[in-house]
**Student:** 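Sharing a structure, written as structure tokens. Questions coming.
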Protein chains: 2
Amino acid sequence: MKKLINQPEQVVDEMLEGIIAAHPEKLKRLPGLNVVVRKEAPIKGKVGLISGGGSGHEPAHAGFVGENMLDAAVAGEVFTSPTPDQILETIKAVDGGKGVLLIVKNYSGDVMNFDMAAEMAQAEGIEVEQVIVKDDIAVDIKEDRRGVAGTIFVHKIAGTAASEGKSLKEVAQIARKTAENICSMGVSLSPSTVPASGKPGFTLNDNEIEIGTGIHGEQGMERQSLKPADQLTEEIMNNILHEMEFSPGEEAAVITNGLGSTPLMELYIVHRKAAELLKNKQIQLKKSLVGEYMTSLEMAGCSITILKLDDQLKSYLN
Amino acid sequence: MKKLINQPEQVVDEMLEGIIAAHPEKLKRLPGLNVVVRKEAPIKGKVGLISGGGSGHEPAHAGFVGENMLDAAVAGEVFTSPTPDQILETIKAVDGGKGVLLIVKNYSGDVMNFDMAAEMAQAEGIEVEQVIVKDDIAVDIKEDRRGVAGTIFVHKIAGTAASEGKSLKEVAQIARKTAENICSMGVSLSPSTVPASGKPGFTLNDNEIEIGTGIHGEQGMERQSLKPADQLTEEIMNNILHEMEFSPGEEAAVITNGLGSTPLMELYIVHRKAAELLKNKQIQLKKSLVGEYMTSLEMAGCSITILKLDDQLKSYLN
């Protein structure tokens, strides 16, 4: 796998340098740490919002640091959790006196390290709440579900709530409600290669795809032959809608997310079918995000995320 | 090459259906045509802006239809120019009485068909101007240079000028000045595959890259072995800056553009070096766009575009 990099061990540091070089008026880096922070942080009287996790999922999460979104993103090495110390420093950097919410994808390393950092911060007198996102329905057991692209909806909705001056408890409650109303599922057409290893995380045959692969290449539900986009979209949508309770007339927001190397053209072809299937079920599509939001390096494939909306979630999303 | 499509001959139509399904409040399709138009078009008293060309370069151009950008995008088949009739209907659909500017990438088919449509529209009494974008310096002869990612700067700057109520002559003049101040160059790490052919447009060995490849896979300047991102970026930047006249203290905007399957992480690593090289030359980087703006289906690689700014261009860009 050819990559536009220098030394594999430098990719995260150099990527973050590039992000800051691109947006110096909006973003800063915590000195010596792989952490991107809003330039204005800490913002007095606003709940601070932090997300993060392993790198390799860009634009998640540094790309979502900004107004009405995150105050900071903590970047681990590629596909590796950030450390508790790094997270603790980030909490301190964004606490504007109203407490800090951590938005964490459900991976054991992330959960453990964010939790440890939260305890350390609380010991220093900072109020901290956490929301764990578990939207990947490819995993059977609900508590073990991974956090994937649906996390972006939590960033956005919690971000708006925080900007409106809501308390930490309120922002955390809205974030948790959002997370509980999200289901996602992906399909992989080709694997990704972690720079330090230089080898693909798994292999697929020429005509083979895998339904439900995780964003770190975790094994999915089933391998199949490549099929037309409409059939594949219907299968994924059926799986997702089977997990959710929708009555006719209810509203949804959708992310049709590229995993890294699938052209936008194909994502729109998938999205078209997803929208049609919602319409057939009389579910109103109120918001669409189509593009790369939560990637897995250069993995080919996509995921579909559905967020069930109510009036509160809809108003914060828009 | 595995693709998330149905029938290859349906990809453009289905993609456009997906775009409209995603943004029904902002976009509409011209009935029976592969054309995406702003919902409000035609806008009285505003110059209409149209771009387009072959499909397969998404988000270009339909993704740039919107406020302060294009009024419409005309989509040909994959890597194929749109037809004069299709362009003519688009001109009629966006003319709000103040005339229409066509922003055309310099490919013979596009130039011919947009020109023919312009003549037909003029014969029907609509004022039409054109700007041809030729930013790809990988081609030696200036008149033959292809239009690539720099076209996005023309969309944006002309879009703002049109929104401010400038006349057709004025918008065309600003668009031409923008186009003349843009140089771009790309590097390909892997080819793209047109859905209807099912075969890659060219081949590269495992460790081979090609400098200057066009966005339809046109042959570049040179094949080389893969090298570190910093060296490659320096080579591309030297080529670009050799073509441009910058004095210390002058200002630039940059697009570090992904060609389809290169992760955002790598684009930021490249952008970091591009920013550093500008700084070394005392060129002020005033605006950065990093991401996929002008792709070539799932080609791996990137391009760098530099726009030399003056006060006028800067004010329209921001």
Side-chain angles (χ1 to χ4, degrees), chain A residues 2-7 10-12 14-19 21-23 55-56 58-59 63 78 187 189-190 192 204 206-209 226 228-230 232-233 254 256 260-276 285 288-292 295 297-298 300-302, chain B residues 2-7 10-12 14-23 55-56 58-59 63 78 187 189-190 192 204 206-209 226 228-230 232-233 256 260-276 285 288-292 295 297-298 300-302:
Chain A
K2 294 172 229 177
K3 288 181 184 282
L4 290 172
I5 63 172
N6 296 297
Q7 297 303 314
Q10 293 297 323
V11 292
V12 177
E14 292 182 354
M15 167 183 74
L16 296 178
E17 280 184 14
I19 291 174
H23 309 291
S55 294
E58 291 69 31
V78 177
V187 56
L189 275 63
S190 77
S192 54
L204 283 169
D206 276 356
N207 196 37
E208 200 178 33
I209 62 174
L226 180 63
D230 281 4
L232 196 53
T233 304
V254 173
T256 298
S261 63
T262 288
L264 198 47
M265 168 182 274
E266 300 176 28
L267 298 180
Y268 275 114
I269 291 173
V270 168
H271 191 73
R272 164 194 141 275
K273 187 65 183 179
E276 181 191 310
L285 175 55
S288 295
L289 303 178
V290 183
E292 293 183 351
T295 62
L297 296 166
E298 68 287 273
C302 72
Chain B
K2 294 173 228 175
K3 288 181 184 282
L4 290 173
I5 63 173
N6 296 297
Q7 297 303 314
Q10 293 298 323
V11 292
V12 176
E14 292 181 354
M15 166 183 74
L16 296 177
E17 280 184 16
I19 291 174
I20 302 297
H23 309 290
S55 293
E58 292 68 31
V78 177
V187 56
L189 275 64
S190 77
S192 54
L204 284 169
D206 276 356
N207 196 38
E208 200 178 31
I209 61 174
L226 181 62
D230 282 4
L232 197 52
T233 305
T256 298
S261 63
T262 287
L264 198 47
M265 167 182 275
E266 300 176 29
L267 298 180
Y268 275 114
I269 290 172
V270 169
H271 191 73
R272 164 194 140 273
K273 186 66 184 177
E276 182 191 309
L285 175 55
S288 296
L289 302 178
V290 183
E292 293 182 351
T295 61
L297 296 166
E298 68 286 273
C302 73

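These numbers come from the heavy atoms of this one structure, side chains and all, not from hydrogens, waters or symmetry mates. Lettering follows sequence order; numbering is per chain, from 1.
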**Student:** Examine whether an atom of A/Ile5 lies under 4.5 Å from a heavy atom of chain B, and if so say whether it belongs to the side chain, the backbone or both; otherwise answer neither.
**Tutor:** both
**Student:** Taking every heavy-atom pair that is under 4.5 Å apart, which of A/Ser261, A/Ser55, A/Gly291, A/Cys302 has the most such pairs with chain B?
**Tutor:**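 Most pairs with chain B among the choices: A/Ser261.
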**Student:** Would you mind checking which part of A/Leu226 comes under 4.5 Å of any heavy atom in chain B, side chain (CB onward), backbone (N, CA, C, O), both or neither?
**Tutor:**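 Side chain only.
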**Student:** Does any non-hydrogen side-chain atom of A/Pro263 lie less than 4.5 Å from one of B/Thr295?
**Tutor:** no
**Student:** When you compare the side chain of B/Met265 with that of A/Val78, does any pair of heavy atoms fall below 4.5 Å?
**Tutor:** yes
**Student:** Do A/Glu292 and B/Glu292 come within less than 4.5 Å of each other through their side chains, counting heavy atoms only?
**Tutor:** yes
**Student:** Relative to chain B, which of A/Glu208, A/Gln10, A/His23 shows the most heavy atom pairs under 4.5 Å?
**Tutor:** A/Glu208
**Student:** Pick one of side chain, backbone, both or neither for B/Leu285, based on which atoms fall under 4.5 Å of a heavy atom in chain A.
**Tutor:**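 The side chain, not the backbone.
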**Student:** Need one label for B/Ala22: side chain, backbone, both or neither, based on atoms under 4.5 Å from any heavy atom in chain A.
**Tutor:** both
**Student:** Which of the residues A/Ile209, A/Ile19, A/Val270, A/Val254 is involved in the greatest number of heavy-atom pairs with chain B at under 4.5 angstrom?
**Tutor:** A/Ile19
**Student:** Between A/Ser192, A/Ser288, A/Ala229, A/Ser190, which has the largest tally of heavy atom pairs under 4.5 Å with chain B?
**Tutor:**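 Ranked by contacts with chain B, first place is A/Ala229.
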**Student:** What part of A/Val11 lies closer than 4.5 angstrom to a heavy atom of chain B: side chain, backbone, both or neither?
**Tutor:** both
**Student:** In Å and rounded to the nearest 0.5 Å, what is the CD to CG distance from A/Glu298 to B/Leu264?
**Tutor:**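 One gets 13.0 Å once the value is rounded to the nearest 0.5 Å.
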**Student:** Check each atom of B/Ala21 against the heavy atoms of chain A and say whether the ones under 4.5 Å are side chain, backbone, both or neither.
**Tutor:**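 Contact with chain A involves both backbone and side-chain atoms of B/Ala21.
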**Student:** For the interface with chain B, which of A/Lys3, A/Glu58, A/Lys273, A/Glu14 has the highest count of heavy-atom pairs at distances below 4.5 Å?
**Tutor:** A/Glu14
**Student:** Let me know if B/Leu232 has heavy atoms under 4.5 Å from chain A in its side chain, its backbone, both or neither.
**Tutor:** side chain
**Student:** Can you confirm whether A/Leu4 sits close enough to B/Ile269 that some side-chain heavy atom of one is under 4.5 Å from a side-chain heavy atom of the other?
**Tutor:**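 Side chain of A/Leu4 against side chain of B/Ile269, heavy atoms only: no contact under 4.5 Å found.
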**Student:** Any non-hydrogen side-chain atom of B/Lys2 less than 4.5 Å from a side-chain atom of A/Leu204?
**Tutor:** yes
**Student:** Of all of B/Asp206, B/Val290, B/Val187, B/Thr256, which one pairs up most often with chain A through heavy atoms under 4.5 Å apart?
**Tutor:** B/Asp206
**Student:** So do the side chains of A/Asn6 and B/Arg272 get within less than 4.5 Å of each other, counting heavy atoms only?
**Tutor:** yes
**Student:** Specify which of A/Glu266, A/His271, A/Glu17 makes the most heavy-atom pairs with chain B at under 4.5 Å.
**Tutor:**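 Maximum pair count with chain B is reached by A/Glu266.
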**Student:** For residues A/Met15 and B/Tyr268, report the shortest heavy-atom separation together with the two atoms involved.
**Tutor:**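 Looking at all heavy atoms of both residues, the closest pair is O-CB, 3.6 Å.
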